[in-house]
**Student:** 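Sharing a structure, written as structure tokens. Questions coming.
Numbering of ligands and ligand atoms starts at 1, following listing order.
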Amino acid sequence: MSELADTHAVVLGGAGFLGSHLCDRLVAMGARVTVLDNFLTGTPNNVAHLRETPGFGVQTCDVTDFIAVEGRVDFVLHLASPASPADYLRWPIQTLKVGSLGTHNALGLARAKEARFLLASTSEVYGSPTVNPQPETYWGNVNPTGPRGVYDEAKRFAEAMTLAYHRQHDLDVRIARIFNTYGPRLRTDDGRAVPAFLNAALHDQPLPVHGDGSQTRSLCYVDDMVDGLLRLLRSDQPGPVNLGNPHEVTIRELAEAVQDAVGTHPGLRYLPRPTDDPPVRCPDITLATTELGWKPSTPLGEGLSRTVSWLRANATG
Ligand code: NAD
């Protein structure tokens, strides 16, 4: 990992959940890190502990406007985007803009600095998949005009634009298709299943399950995800490469695991399924395993316990 020492990484969206963990690891590896964030869904608190670290800086910046960074840049890591359904349904236009204009600006920065560019794409490019698990070769089944289309299509555009820069300008690019990730610093009000379940269980309230809970999700602990992202960054694979945990669980099984991790069993309450909520979600990680030597190693129960400990130590509500 030492080859990242003394490099300069610019992390767009670095004050968010995943971005802040990535910053932690980059700093630990000796990289200089500049975070660009407008704090739409992230918070400076997520990186406050890094503020005194030499070489670490935060710039308030909406990456859909213009991006200016002084000096040499080795890596542009584009994680800026609302990421949970609650967030992108609340900010549909910002979501489309950050995936399109923001990605274009970020690619422009990488090109101007001759830096390597990494795009945080998503499993949502597969939409409501007709193939399970989803390999990178699957083109997806996205409803472009449904409410979730703002996120799915923005990321599909971002992938297309990233590879256009790669082909036309020979830009050095990496695309990660990130599947559901959880861990400390997730906002409990972001609407995703893990934080919603944890929040309910910690308040001894029934866990909110959409539909009958037979839909599946695959959940990756954040430390494993950051390890995968850094392996991809240092590989010679442009991608897209799936990163996620292939251990598929139903939402009801997840609710059970969360209750076990919290140590309370308030039961479930059933709510309507949101529009276009995918019935299955599971990564085929053959490419990441063979090309990056990566697979997640944190069992669900252990990752949930660590997240519960963090929430108990940091919860404000
Ligand atoms: P997050 O909301 O915690 O972080 C996103 C960050 O981007 C926030 O700090 C937000 O303020 C910032 N941001 C949004 N719009 C911006 C703009 N216009 N200019 C500057 N900053 C802006 O979300 P996350 O879970 O950390 O996700 C990070 C990235 O990973 C996103 O691109 C997301 O699409 C992708 N991803 C995450 C997951 C997951 O399970 N967490 C899954 C798939 C893909």
**Student:** Residues two or more places apart in sequence or in another chain: which of them pass salt bridge (Lys or Arg N to Asp or Glu O under 4.0 Å) with Arg273?
**Tutor:**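 Scan of Arg273 (salt bridge (Lys or Arg N to Asp or Glu O under 4.0 Å), adjacent residues dropped) gives Asp277.
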
**Student:** With a 3.5 Å cut-off and sequence neighbours excluded, list the donor-acceptor pairs that the side chains of residues 79-86 form with protein atoms.
**Tutor:**
from, atom 1, to, atom 2, distance (Å)
Ser84, OG, Asp87, N, 3.2
Ser84, OG, Asp87, OD2, 3.3
Ser84, OG, Asp190, O, 2.6

**Student:** Which pairs count as salt bridge (Lys or Arg N to Asp or Glu O under 4.0 Å) when at least one residue sits in residues 246-257, sequence neighbours excluded?
**Tutor:**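 Counting only pairs at least two positions apart or across chains, no salt bridge (Lys or Arg N to Asp or Glu O under 4.0 Å) contact touches residues 246-257.
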
**Student:** Look at Arg156 together with Asp152 and state whether they make a salt bridge at an N to O cut-off of under 4.0 Å.
**Tutor:**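 Asp152 and Arg156: not salt-bridged.
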
**Student:** Which distance, rounded to the nearest 0.5 Å, do you find between the CZ of Phe75 and the CG of Leu118?
**Tutor:**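 These two atoms lie 10.0 Å from each other.
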
**Student:** Mind checking whether Leu22 and Val173 sit in one hydrophobic cluster, side chains of I, L, V, M, F, W, Y counted as touching below 4.5 Å?
**Tutor:**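 They do not share one cluster, since no chain of ILVMFWY contacts under 4.5 Å joins Leu22 to Val173.
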
**Student:** I'd like the contact residues of ligand 1, where contact means a heavy atom below 4.0 Å.
**Tutor:**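 Contacts of ligand 1 under 4.0 Å: Gly13, Ala15, Gly16, Phe17, Leu18, Asp37, Asn38, Phe39, Leu40, Thr41, Gly42, Cys61, Asp62, Val63, Thr64, Leu79, Ala80, Ser81, Ala83, Val98, Ala120, Ser121, Thr122, Tyr151, Lys155, Ile178, Phe179, Asn180, Thr181, Arg192.
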
